Student: 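The structure is given below, and queries will be raised subsequently.
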Amino acid sequence: MKKCFNCKEEFTPFNTLQKFCLNNECIKKMIELQKLKEWNKKKKKLVEELKTTSDYLKIAQQVFNRYIRHRDNGLNCISCNKPCKKENAGHYYSQGGHSAVRFNEDNVHLQCEHCNTYLSGNLLNYQVEIKERIGAQKLMELQAIAHDVKKWTKDELKEIIEIYKQKLK
(Lines give C-alpha, C1' and ligand atoms only; values in the text may rest on other atoms or scores of the structure.)
Protein backbone atom coordinates (compact mmCIF):
# COMPACT_ATOMS: atom_id res chain seq x y z
CA MET A 1 0.00 0.00 0.00
CA LYS A 2 1.08 3.55 -0.73
CA LYS A 3 -0.23 7.00 0.10
CA CYS A 4 -1.42 9.11 -2.80
CA PHE A 5 0.79 12.12 -3.45
CA ASN A 6 -2.26 14.35 -3.86
CA CYS A 7 -5.09 13.19 -1.57
CA LYS A 8 -2.91 11.27 0.94
CA GLU A 9 -5.28 8.28 0.92
CA GLU A 10 -3.86 4.77 0.79
CA PHE A 11 -4.08 2.82 -2.48
CA THR A 12 -2.62 -0.26 -4.12
CA PRO A 13 -0.24 0.80 -6.92
CA PHE A 14 0.07 -1.07 -10.23
CA ASN A 15 3.85 -0.62 -10.09
CA THR A 16 6.44 0.78 -7.69
CA LEU A 17 6.68 4.13 -9.49
CA GLN A 18 2.98 4.99 -9.21
CA LYS A 19 2.52 8.00 -6.88
CA PHE A 20 -1.14 8.86 -7.44
CA CYS A 21 -4.35 6.96 -6.92
CA LEU A 22 -6.90 6.72 -9.71
CA ASN A 23 -9.33 9.42 -8.54
CA ASN A 24 -10.15 11.97 -11.24
CA GLU A 25 -8.85 14.83 -9.10
CA CYS A 26 -5.57 13.04 -8.43
CA ILE A 27 -5.09 12.15 -12.10
CA LYS A 28 -5.63 15.82 -13.04
CA LYS A 29 -3.04 16.82 -10.44
CA MET A 30 -0.60 14.25 -11.84
CA ILE A 31 -1.07 15.65 -15.37
CA GLU A 32 -0.56 19.21 -14.11
CA LEU A 33 2.67 18.21 -12.36
CA GLN A 34 3.89 16.42 -15.47
CA LYS A 35 3.17 19.49 -17.63
CA LEU A 36 4.97 21.68 -15.09
CA LYS A 37 8.02 19.38 -15.18
CA GLU A 38 8.08 19.49 -18.97
CA TRP A 39 7.72 23.28 -18.96
CA ASN A 40 10.58 23.66 -16.47
CA LYS A 41 12.84 21.51 -18.67
CA LYS A 42 11.88 23.53 -21.73
CA LYS A 43 12.34 26.83 -19.86
CA LYS A 44 15.79 25.78 -18.64
CA LYS A 45 16.79 24.96 -22.20
CA LEU A 46 15.42 28.28 -23.50
CA VAL A 47 17.25 30.26 -20.80
CA GLU A 48 20.47 28.43 -21.68
CA GLU A 49 20.02 29.27 -25.37
CA LEU A 50 19.41 32.95 -24.59
CA LYS A 51 22.65 33.38 -22.62
CA THR A 52 25.14 35.61 -24.39
CA THR A 53 28.91 35.34 -24.51
CA SER A 54 28.97 38.15 -21.97
CA ASP A 55 26.82 36.09 -19.58
CA TYR A 56 29.16 33.12 -19.90
CA LEU A 57 32.19 35.39 -19.43
CA LYS A 58 30.77 36.65 -16.16
CA ILE A 59 30.02 33.12 -14.90
CA ALA A 60 33.45 31.85 -15.99
CA GLN A 61 35.16 34.74 -14.19
CA GLN A 62 33.23 34.03 -10.99
CA VAL A 63 34.09 30.32 -11.05
CA PHE A 64 37.74 31.02 -11.93
CA ASN A 65 38.09 33.61 -9.15
CA ARG A 66 36.52 31.20 -6.64
CA TYR A 67 39.08 28.59 -7.70
CA ILE A 68 41.98 31.06 -7.23
CA ARG A 69 40.75 31.98 -3.74
CA HIS A 70 40.48 28.26 -2.93
CA ARG A 71 43.90 27.45 -4.45
CA ASP A 72 45.65 30.22 -2.49
CA ASN A 73 43.71 29.63 0.72
CA GLY A 74 46.02 30.16 3.70
CA LEU A 75 48.49 32.34 1.79
CA ASN A 76 48.95 36.04 2.49
CA CYS A 77 48.12 38.83 0.05
CA ILE A 78 50.56 38.75 -2.86
CA SER A 79 51.05 42.53 -2.71
CA CYS A 80 51.24 43.48 0.97
CA ASN A 81 52.05 40.00 2.38
CA LYS A 82 49.45 40.41 5.13
CA PRO A 83 46.60 37.99 5.93
CA CYS A 84 43.52 38.86 3.88
CA LYS A 85 40.39 40.02 5.70
CA LYS A 86 38.42 39.96 2.47
CA GLU A 87 39.92 37.80 -0.25
CA ASN A 88 40.02 38.80 -3.92
CA ALA A 89 41.49 37.10 -6.95
CA GLY A 90 43.89 39.84 -8.10
CA HIS A 91 45.08 39.91 -11.71
CA TYR A 92 48.65 41.05 -12.40
CA TYR A 93 47.59 41.95 -15.94
CA SER A 94 44.05 43.30 -15.66
CA GLN A 95 41.24 41.13 -16.98
CA GLY A 96 39.68 43.96 -18.99
CA GLY A 97 42.78 45.05 -20.87
CA HIS A 98 44.51 41.70 -21.27
CA SER A 99 41.94 39.16 -22.38
CA ALA A 100 44.51 36.53 -23.39
CA VAL A 101 45.64 36.04 -19.76
CA ARG A 102 42.29 36.62 -18.08
CA PHE A 103 41.99 32.94 -17.12
CA ASN A 104 45.73 32.23 -16.80
CA GLU A 105 46.45 30.84 -13.32
CA ASP A 106 49.96 32.36 -13.29
CA ASN A 107 48.42 35.83 -13.78
CA VAL A 108 45.98 35.64 -10.86
CA HIS A 109 46.75 35.32 -7.15
CA LEU A 110 45.09 35.88 -3.79
CA GLN A 111 44.99 39.56 -2.94
CA CYS A 112 43.37 41.50 -0.13
CA GLU A 113 40.45 43.82 -0.86
CA HIS A 114 42.52 46.86 0.09
CA CYS A 115 45.37 46.18 -2.36
CA ASN A 116 43.16 44.96 -5.19
CA THR A 117 40.43 47.59 -5.05
CA TYR A 118 41.78 50.66 -3.31
CA LEU A 119 45.40 50.49 -4.46
CA SER A 120 44.53 49.32 -8.01
CA GLY A 121 46.33 46.04 -7.50
CA ASN A 122 49.39 47.48 -5.68
CA LEU A 123 51.33 46.40 -8.76
CA LEU A 124 54.85 47.36 -7.66
CA ASN A 125 54.70 44.99 -4.71
CA TYR A 126 52.74 42.45 -6.80
CA GLN A 127 55.55 42.39 -9.38
CA VAL A 128 58.17 41.53 -6.77
CA GLU A 129 56.15 38.71 -5.26
CA ILE A 130 54.80 37.22 -8.51
CA LYS A 131 58.39 36.68 -9.66
CA GLU A 132 59.02 34.74 -6.44
CA ARG A 133 55.84 32.65 -6.76
CA ILE A 134 55.92 31.65 -10.43
CA GLY A 135 59.57 32.25 -11.34
CA ALA A 136 61.25 34.55 -13.83
CA GLN A 137 60.74 32.23 -16.80
CA LYS A 138 56.96 31.94 -16.35
CA LEU A 139 56.72 35.70 -15.77
CA MET A 140 58.51 36.32 -19.10
CA GLU A 141 56.11 33.90 -20.83
CA LEU A 142 53.18 35.71 -19.21
CA GLN A 143 54.48 39.07 -20.43
CA ALA A 144 54.88 37.67 -23.95
CA ILE A 145 51.23 36.63 -24.25
CA ALA A 146 49.64 39.32 -22.08
CA HIS A 147 49.12 41.85 -24.86
CA ASP A 148 47.51 39.42 -27.32
CA VAL A 149 43.83 40.00 -27.93
CA LYS A 150 41.59 37.02 -27.24
CA LYS A 151 37.94 36.84 -28.25
CA TRP A 152 36.28 34.20 -26.11
CA THR A 153 33.57 32.00 -27.62
CA LYS A 154 30.61 30.52 -25.75
CA ASP A 155 32.05 27.01 -26.10
CA GLU A 156 35.45 28.04 -24.72
CA LEU A 157 33.79 29.76 -21.77
CA LYS A 158 31.53 26.76 -21.07
CA GLU A 159 34.66 24.60 -21.08
CA ILE A 160 36.45 26.97 -18.66
CA ILE A 161 33.42 26.90 -16.36
CA GLU A 162 33.41 23.09 -16.32
CA ILE A 163 37.19 22.82 -15.84
CA TYR A 164 37.25 25.11 -12.83
CA LYS A 165 34.10 23.61 -11.30
CA GLN A 166 35.86 20.23 -11.48
CA LYS A 167 39.05 21.67 -9.97
CA LEU A 168 37.01 23.10 -7.10
CA LYS A 169 35.72 19.62 -6.30
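Just so it is clear, the model here is predicted, and its values are computed rather than measured.
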Student: Measuring from Ser79:OG to His114:NE2, what's the distance to the nearest 0.5 Å?
Tutor: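 Ser79 atom OG to His114 atom NE2 measures 10.0 Å (nearest 0.5 Å).
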Student: So, Lys154 side chain and Lys51 main chain: donor-acceptor pair closer than 3.5 Å or not?
Tutor: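 Yes: the side chain of Lys154 pairs with the backbone of Lys51.
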Student: Are any of the side-chain heavy atoms of Asn23 and Phe11 separated by less than 4.5 Å?
Tutor: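 Of all side-chain heavy-atom pairs linking Phe11 with Asn23, none is under 4.5 Å.
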Student: With a 4.5 Å heavy-atom cut-off, do Lys41 and Leu46 have their side chains touching?
Tutor: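 Side chain of Lys41 against side chain of Leu46, heavy atoms only: no contact under 4.5 Å found.
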Student: Between Glu113 and Lys85, is a side chain to side chain contact (heavy atoms under 4.5 Å, CB included) present by the stated rule, with each step listed?
Tutor: CA-CA 8 Å; Glu113 175 85 13; Lys85 290 180 184 171; over 6 Å; no
Student: Which heavy atom of Cys21 sits nearest a heavy atom of Ile27, and at what distance?
Tutor: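 That would be O-CG1, 4.1 Å.
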Student: Using modelled atom types and a 3.5 Å cut-off, is there a donor and acceptor pairing between side-chain atoms of His109 and backbone atoms of Asp106?
Tutor: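 Yes; at least one donor-acceptor contact below 3.5 Å.
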Student: Answer yes or no: does atom NZ of Lys138 have more than 12 heavy-atom neighbours from other residues, nucleotides or ligands under 6.0 Å?
Tutor: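 No, the 6.0 Å shell around NZ holds no more than 12 heavy atoms from other groups.
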Student: Within a strict 4.5 Å, meaning less than it, do heavy atoms of the Gln143 and Tyr93 side chains meet?
Tutor: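 Touching, per the 4.5 Å side-chain cut-off.
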Student: Rounded to the nearest 0.5 Å, what separates atom CZ in Arg69 from atom NZ in Lys86?
Tutor: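 Answer rounded to 0.5 Å: 8.0 Å.
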Student: Working to the nearest 0.5 Å, report the span between CD of Gln95 and CG of Asn107.
Tutor: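 Spacing of CD (Gln95) from CG (Asn107) equals 9.5 Å.
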Student: Quick one: are His91 and Asn104 in side-chain contact, heavy atoms under 4.5 Å?
Tutor: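 In short, these two side chains do not touch, never coming nearer than 4.5 Å.
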Student: Evaluate Ile163 against Tyr67 for side chain to side chain contact (heavy atoms under 4.5 Å, CB included), listing each step before the verdict.
Tutor: CA-CA 10 Å; Ile163 287 169; Tyr67 167 74; over 6 Å; no
Student: Arg66 vs Leu168, test: side chain to side chain contact (heavy atoms under 4.5 Å, CB included). Steps then yes/no.
Tutor: CA-CA 8 Å; Arg66 191 175 327 125; Leu168 278 166; 3.8 Å; yes
Student: Aromatic ring centroids of Trp152 and Tyr56 under 6.0 Å?
Tutor: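 No, they do not, as the ring centres are separated by 6.0 Å or more.
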Student: Shared ILVMFWY cluster between Phe103 and Leu142, side chains joined below 4.5 angstrom?
Tutor: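 Not linked; separate clusters.
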Student: Quick one: does Tyr92's side chain have a donor or acceptor within less than 3.5 Å of a partner on Leu139's backbone?
Tutor: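 Between the backbone of Leu139 and the side chain of Tyr92 there is no qualifying donor-acceptor contact (under 3.5 Å).
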Student: Flag the pair Val108 / Phe64 as yes when at least one side-chain heavy-atom distance between them is below 4.5 Å, and no otherwise.
Tutor: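 Answer yes - side chains close enough.
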Student: Which heavy atom in Ala100 sits nearest to a heavy atom in Asp148, and how many Å separate them?
Tutor: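 Scanning both residues, the minimum pair turns out to be CB-O, 3.4 Å.
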Student: Is there a path of hydrophobic side-chain contacts, each under 4.5 Å between heavy atoms, that joins Ile160 and Ile145?
Tutor: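 No, separate clusters.
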Student: Is there side-chain contact between Lys29 and Glu25, with heavy atoms separated by less than 4.5 Å?
Tutor: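 Not in contact.
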Student: Given the rule that I, L, V, M, F, W and Y join up when any side-chain heavy atoms are under 4.5 Å apart, are Leu123 and Ile134 in one cluster?
Tutor: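 The answer is yes; both residues are in one hydrophobic cluster.
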Student: Do Val128 and Leu110 share a hydrophobic cluster (ILVMFWY, side-chain heavy atoms under 4.5 Å, transitive)?
Tutor: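 No, Val128 does not connect to Leu110 through the hydrophobic network.
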Student: Can you tell me if Asn125 and Glu129 form a side-chain donor-acceptor pair at under 3.5 Å?
Tutor: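 Note: Asn125 and Glu129 side chains miss the donor-acceptor criterion.
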Student: For Ile161 and Lys165, what are the C-alpha separation, side-chain angles and deciding distance, and is it a side chain to side chain contact (heavy atoms under 4.5 Å, CB included)?
Tutor: CA-CA 6 Å; Ile161 291 167; Lys165 278 184 176 179; 3.7 Å; yes
Student: If I take atom CD1 from residue Ile130 and atom CZ from residue Arg133, how far apart are they, to the nearest 0.5 angstrom?
Tutor: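 Those atoms lie 9.0 Å apart.
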Student: Please check this pair: side chain of Asn15 against backbone of Leu17, looking for a donor-acceptor N/O pair closer than 3.5 Å.
Tutor: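 Checking the backbone N and O of Leu17 against the side chain of Asn15, a donor-acceptor pair under 3.5 Å is found.
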Student: Kindly work out whether a path of hydrophobic side-chain contacts (I/L/V/M/F/W/Y, heavy atoms less than 4.5 Å apart) joins Tyr164 to Leu57.
Tutor: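 Shared cluster, yes.
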Student: Just wondering, more than 12 heavy atoms not from Lys37 lying within 6.0 Å of its NZ?
Tutor: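 No, the 6.0 Å shell around NZ holds no more than 12 heavy atoms from other groups.
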Student: Ion pair present between Glu156 and Lys150, side-chain N to carboxylate O less than 4.0 angstrom?
Tutor: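 Between Lys150 and Glu156 there is a salt bridge, with a charged N closer than 4.0 Å to a carboxylate O.
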Student: Could you tell me whether Glu105 and Lys167 make a salt bridge, using a distance below 4.0 angstrom between a side-chain N and a carboxylate O?
Tutor: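 Salt bridge flag = yes for Lys167 with Glu105.
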Student: Got a second to check how far Lys3's NZ is from Glu10's CD, nearest 0.5 Å?
Tutor: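 If we round to the nearest 0.5 Å, Lys3:NZ and Glu10:CD are 6.5 Å apart.
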Student: Under 3.5 Å, is there a donor on one side chain and an acceptor on the other for Asn88 and Gln111?
Tutor: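 Note: Asn88 and Gln111 side chains miss the donor-acceptor criterion.
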Student: Would you give the length of the straight line joining atom CZ of Phe20 to atom NZ of Lys2, rounded to the nearest 0.5 angstrom?
Tutor: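 Reported to 0.5 Å precision, the distance equals 11.0 Å.
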Student: Closer than 3.5 angstrom, by distance alone: can the side chain of Asn122 be matched with the main-chain N or O of Leu119 as a donor-acceptor pair?
Tutor: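 It does not hold such a pair.
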